[in-house]
Each structure stands twice: as structure tokens, then as C-alpha cells.
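This structure is a prediction, so every number in the text was calculated from the model and none was measured. Here is the naming used below: chain letters follow the sequence lines, and residue numbers restart at 1 for every chain.
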There are 2 protein chains.
Amino acid sequence: MTTPAVHPTRSGPVTRKDVARYAGVSTAVVSYVVNGGPKKVAPATEAKVQDAIRILGYRPNAAARALKLGSSETLGLVVPDISNPFFALFSHAVEDAAAALGYALVLGNSDGNLAKERRNIRNLAARQVDGVLLASVLFEPDLEVLETAEIPSVLLNQEQDAPGFNSIGVDLAAGARIAVEHLIGHGHTNIGLAMGTNVSGATDGREVGWREALQEAGLPEGPIVYSAFTRPGGYTAGQRLLASVNRPTAIFATSDMQAIGLLRAVHEAGLSVPGQMAVASFDGSAESEYSWPPLTTVEQPVAAMAEAAVAALVGASRGEKPRHRIFPTTLHIRQSCGCP
Amino acid sequence: MTTPAVHPTRSGPVTRKDVARYAGVSTAVVSYVVNGGPKKVAPATEAKVQDAIRILGYRPNAAARALKLGSSETLGLVVPDISNPFFALFSHAVEDAAAALGYALVLGNSDGNLAKERRNIRNLAARQVDGVLLASVLFEPDLEVLETAEIPSVLLNQEQDAPGFNSIGVDLAAGARIAVEHLIGHGHTNIGLAMGTNVSGATDGREVGWREALQEAGLPEGPIVYSAFTRPGGYTAGQRLLASVNRPTAIFATSDMQAIGLLRAVHEAGLSVPGQMAVASFDGSAESEYSWPPLTTVEQPVAAMAEAAVAALVGASRGEKPRHRIFPTTLHIRQSCGCP
DNA sequence: GTGAAAGCGCTAACAC
DNA sequence: GTGTTAGCGCTTTCAC
């Protein structure tokens, strides 16, 4: 319980000037106290100012500060869809990392729509955000908007290096490989792939990893089905995979959401998981732990990536060079693969 | 493909002054063009200005505008946890509604922590957001922070009216009632409740609705288990409900996430759903559609609520009175209840 | 240790 | 239809 703030009788918000007058000091001193610098203030004066601030209920005006300083202490995050659990998790981690550094986070959804993505970026730039984190709807993002926006940025979910840009991603191929190798370890010889589709035509690292693991084990390629990185996408992928002429006994899905959809298709077909169909997936979202059966999944180090992304942005305003960072994944073993 | 912007040779960002000089007009005219008012501009002049803007790559400085206007055209959203699918969905809807009105959305997670919730609100207030949407960690939110912040606000997930505040909620009791009535319609006479817990002690409307439906049907109350509104919470609730002396044949869970956790507990116990245990839940999140079996759930009109919340905030700055709005829910019938 | 004042980029009232 | 200008609240240099 703190003493309730007594509001000033005069109208309008309390400014630094009011505080100065009340405390009997200049506005500069109020600034020194509020910001802890750049000048020292006598303890007695400081106390007076603090009192005035509390009594008047003064809150600094961030817009004025942003105007003066040229920095809004705000970061922008543009994702295809915040209600995708992976991006929701990521957003949370980004918000944590940003808040720890005193930055607020402005959120924008692009809904898988390039025009909307661009609009979001431009909007953020106009709002003087100090940096933007972009999970593009494109596999190879449209760097021009970012360039003309002249704003520090980090490309998220980015496996390939984009020179001149900060980027962050996971080692998709390595992650897929450990998952598929694990499935192979369970004795499967026909392992299908439920591959999510990108807007671009480039081959996703997860497809590469799946293929590599199979090759190294001297196994033939199982059936591949391409569909969206979503629950419905996984559902139809599952249906098609189950209908394929050489039906696999195990499937690697490139996202947890696809795996969830796939699980539904498998259950509907009356097959048991992992008995008649083993499944492994990618992302490590919370949802994967409570599916039936719980999913064996390749976990992305979301918190670490978010921290690195925010750090890169904050570093960029200090003149640090853009760089490309790839994070390792870890296999989270649960029951869908056949482990007890 | 648009003509690439030619950047000015001089350093620093382009201001309205640069545009004015380049176009050979005054800064006022640039403002009139950019804002489409308040004065009319001759078509020829307007064209010149537009050209200058494009050529110089001018972007208005939102901080300056916010300072001048006293409005940042930004809304704040504080939720317990954006990675909770329900809040993720809600956030998306809020962002859509805000963007449609030209507002950006600043996101804050309170992580179920009251101190953090308060810090978020104060932070948003300092940033001159035009309003905050608060999904409090408390059942009866701490209105003092909001009051002293002197900022328009809407309380989300708020069943009860908080005089002087905008609030929005769903009719929890009615929603629970239709779900439980549906379960009763399937012939169940022993229906348990997996009730999520609030920080406050007030009785949740969903508990009321469950009880009412049972009473009206002349049925005895089934077992109740209280636990968190989460997947793990639902999981332990499920385990306890299954272990109860008079094990129910159907359970109503107060959130989809609880139901997902509950489903896992039921599956682990080797019971079939809905055969040996029927389930219905609350929220209508995307996850509920792809559980096994798909959940019969009470859907909240998230988009409508988000729009209303944003409208209330924008209305508040125009002097509209705060009001309390309750939205109806709809039962989404899938298979977990026993329907084919 | 403290204060006066310039100026960040923008809007809009007012003058022409 | 266009231009001039005061001032939004803040930071910080420079003088005291």
C-alpha cells in the first residue's frame, strides 16, 4: 500500500515544469533527477524533486523524450500470425528480452500477406521504433522495404545469411536429422515427410536433413507431402501420407502444428501412435507436450534466439555490425516416436 | 515495382523542412498535404509536395506528431501471457481492430504477476498510449493503477461491471450452461467440473452455470477439481477427477487448455473419449479443433470483443461514457461430447 | 550544484 | 492557397 497520489488541482497532465515549480528548482534539475544524470544533484535537492514527482503524480512524456533523443525505446515485431503458437512463444520471449532492456514492443501481424508485411514495416519506421524484428512471410524476405526504411532490423527464422542484415535462425537440417535418426533408431525403414511450404521455392533445411539422415542410414526416401505449416495443413498431409502406396511407418512433420493435425488424421484412420505410426516433429511448442500421444519434437531455443535478436538490434544502434546467427536445436523425446 | 527511393545526400533523417525546401513551399503546406488538411492545397502544389516526399523518402516523425497532438495513436495491451492461445488469438484480433483505426499496438505480458501488470500499465501510460486493454491476472483488477494513470482503459475478460471503467466479457454462466446441458442431453448424470482458479476468491460464472444446468435437470453435482487454467492444470485435474470416488462419465473443463491436459490424463488412464469419458470445454481456440478427439467447446466471440474493446478506447478519447458489455457465446459441437 | 535556453519535428492558428 | 510562427515536453550545453 503506497500513499495514494494527490492529483494537482490544475488541469492537464503534469509536466516537468510543474514539478520544477513545486520543488523550487529548474527544469534541468528535474531532468537530472529523473534520468540520473548527466549532472549530479545534491541529495537534499533530489529529495525535494522526488517528493514533488510523487505528490504531483508526474510521469515523463515519452513522446517528448523520443523526439528529443531520436529514439522511442521501442522495438517492432512483425510476424505472420501471433496466434500461431510458435510466434506467440517467440513474441513472449522477445517482449521479455526487450523489456529487460527498457524497450517496449509494438506488434504487427502480416497474416501471410506480403503487402501487409510491408505496410507494417513502414508503419513501424514512421513510429520511430529503434529496430524491427521481422519473421517474414517470405522465405527470402523482401529486403528493400527494410533498406529504404533505414532502420536496424533482424530477420527471424532465417537460415541463410542476408549480407548487410542481422539474421537469426536455427540449424533446420541438423534438427531434422536428429529427429529422423531417432526414428531410424526405432527401426523404421520407411519414413515419410510432412513438409511445410514456403512462398519461395528454395528447399527448406528440414527437407535436406530428412534426406540426409535417410541416405546416411542407407534407407530409401519415404513419401513426401507438401502442405501448409498449420494444423489443417498437417491434417491433409496425414491423410495423403496414409493413402500413399507405400505407406510409411513413421513420419517427420516440419512443425508441431502440422504434427498435431497429422495426429488427428492418423487417429481418424484408426491407427495407433506410435504403434502403427510413429511421429516426430519440429518446434518444441507447449502444445506438443499435451497432444496424444505427447510429441517427440525438435526444440528451438526460442528464448536465446529472442535475446540475441533484441541484442543485435540494440547493438546496431551502437554501430555494431550485422551478423548471422544460427542456433542449435535439441531433441525432446516423448512418446510419439515409440519411446516409452 | 516502384521507383527506388533516392536518398538525399545530406545526412540525418529527412524532415518536413527538407521536403518544403525541395518542393519550394512552406512547411505548413507539407503538413496540409501529409494530413489531408486542415487547409486545402492547390493540386499542382500538392503534386510537387508528393514528388518531393517520394524523392526524398520522407517519413513523418511520429514522436513529434505525438508530442504536438498529445496522442501517440497507439494502444497498449496487457495480458497475463501471450503464449496462452486464447490471449494470442485475442491479441491478433485486437491488433486487427486497432490497425483498422490507425492505431499501433504495444504488447505487455504480466506473467500472472500483479507487480509486473502494474509496471506494464505505468510503462504504457508513460509512453502516452491512448488507451490500454487489460486482461488482468486478478479476477477483480487493481483499478487504482489505472485510475492514477488517468488513461482510457478497457477491462477484458471481465464478467462484472466495474463502475467508471469500460469492461468487456462473455456470459460465462450462460456459456457453461449450454455446454453442460449438451452433456446432459447425451444422457450423462454424473458430470464433473475441472474449474480453473482465479487469484481472487469470487465464484467464476462457469461454476455457476455448471451448477445451474445440473440443478435444472434435477441432477446431483458431480465432483469439482480446482486447478490452473492451463494444460498442466487440466492434466492434474483430470487425474484427480478420474480418481474420485464417484468418477464422472463426463467433464466440463473451463478452458480449452485445461481440456487438452485433461484429455491426456484420460488417454493415459486408457479410457476412451467420448465413450467412457465425455468432455466439453470453454474458449473455442484453434487448438480445440485438432485435439483427439476434437473438442466440443463454448466459443467466445473474440473478434467482436476485440473490436468493441478498441472502439470503447477510441470512443473514450472522444468523451464517450465507460460501459460494460457482455457478449454471448456459442456452442461449437465436435466429437468429445459424444456427437458423431 | 543549479539554471537559462535552444531546439528535436510537427500542427494549426493566424496573417497575408 | 500559402506562409510564419508559437509551442507541445523534454534533454543538454553552456554559463554561473
Side-chain angles (χ1 to χ4, degrees), chain A residues 8 10-50 52-53 56-74 125-130 150, chain B residues 8 10-50 52-53 56-74 125-130 150:
Chain A
R10 56 177 286 292
S11 67
V14 183
T15 74
R16 188 208 40 175
K17 214 166 170 177
D18 301 316
V19 176
R21 191 175 318 130
Y22 191 97
V25 298
S26 78
T27 59
V29 172
V30 180
S31 263
Y32 303 151
V33 170
V34 170
N35 304 326
K39 292 285 179 62
K40 278 212 151 343
V41 173
T45 317
E46 158 138 24
K48 270 194 302 185
V49 173
Q50 293 287 20
I53 288 176
L56 298 177
Y58 168 70
R59 283 178 295 106
N61 182 322
R65 193 184 148 89
L67 174 58
K68 182 70 188 170
L69 263 26
S71 155
S72 55
E73 315 225 290
T74 295
R127 286 172 183 276
Q128 314 297 112
V129 300
D130 297 314
E150 287 177 323
Chain B
R10 60 177 281 293
S11 66
V14 183
T15 75
R16 187 211 40 180
K17 214 166 171 176
D18 300 317
V19 175
R21 191 174 319 130
Y22 191 96
V25 299
S26 78
T27 59
V29 172
V30 180
S31 263
Y32 302 151
V33 170
V34 170
N35 304 327
K39 292 283 179 61
K40 277 214 154 341
V41 173
T45 317
E46 159 138 24
K48 271 194 300 185
V49 173
Q50 294 287 21
I53 288 176
L56 298 178
Y58 168 71
R59 282 178 296 107
N61 181 321
R65 192 183 149 91
L67 175 58
K68 181 70 187 174
L69 263 25
S71 155
S72 56
E73 314 224 291
T74 295
R127 286 171 183 278
Q128 315 297 113
V129 301
D130 297 314
E150 286 178 323

Value in whole Å for how far the [atom2] atom of [N] lies from [atom1] of [X]:
X	N	atom1	atom2	result
A:E73	D:dG9	CD	C1'	16 Å
A:L69	C:dA6	CG	P	20 Å
B:R65	D:dG9	CZ	P	17 Å
B:Q128	D:dG9	CD	C1'	9 Å
B:K68	D:dC10	NZ	C1'	15 Å
B:R127	D:dC10	CZ	C1'	15 Å
B:N61	D:dC8	CG	P	18 Å
B:R16	D:dT5	CZ	P	13 Å

Under 4.0 Å, counting only non-hydrogen atoms across every strand here, what does [X] touch: a base, just sugar-phosphate, or nothing?
X	value
B:V25	sugar-phosphate
A:A28	base
B:T27	base

Closest-nucleotide 5' rank along DNA chain C - winner of B:A64 and B:V29: B:A64
Between A:V41 and B:V34, the residue closer to the 5' end of DNA chain C by nearest nucleotide is A:V41
Which nucleotide in the set [options] lies at the smallest distance from any side-chain heavy atom of [X]?
X	options	answer
B:P60	D:dT12, C:dC10, D:dG1	C:dC10
B:K40	C:dT11, D:dG1, D:dC10	D:dG1
A:S31	C:dC10, C:dT2, D:dT12	D:dT12
B:L67	D:dG3, D:dC10, D:dG9	D:dG9

Given D:dG9, is OP1 or OP2 found less than 4.0 Å from the side-chain N or O atoms of A:T15? no
With a 4.0 Å limit, can you tell me whether A:Y32 has a side-chain N or O closer than that to the phosphate oxygens OP1/OP2 of D:dT13? no
Would you give the length of the straight line joining atom CD1 of A:I53 to atom CD of A:E46, rounded to the nearest 0.5 angstrom? 8.5 Å
Interatomic distance, B:L67 atom CG to A:K68 atom NZ [nearest 0.5 angstrom]: 11.5 Å
Under 3.5 Å donor-acceptor pair, A:K17 side-chain atoms to D:dG9 base atoms: no
So, the side chain of B:S72 versus the backbone of B:Q128: is there a donor-acceptor pair under 3.5 Å, distance only? yes
Sub-3.5 Å donor-acceptor pair from the side chain of A:R65 to the main-chain atoms of A:P60, do we have one? no
Any side-chain heavy atom of A:V29 within less than 4.5 Å of one from A:T45? yes
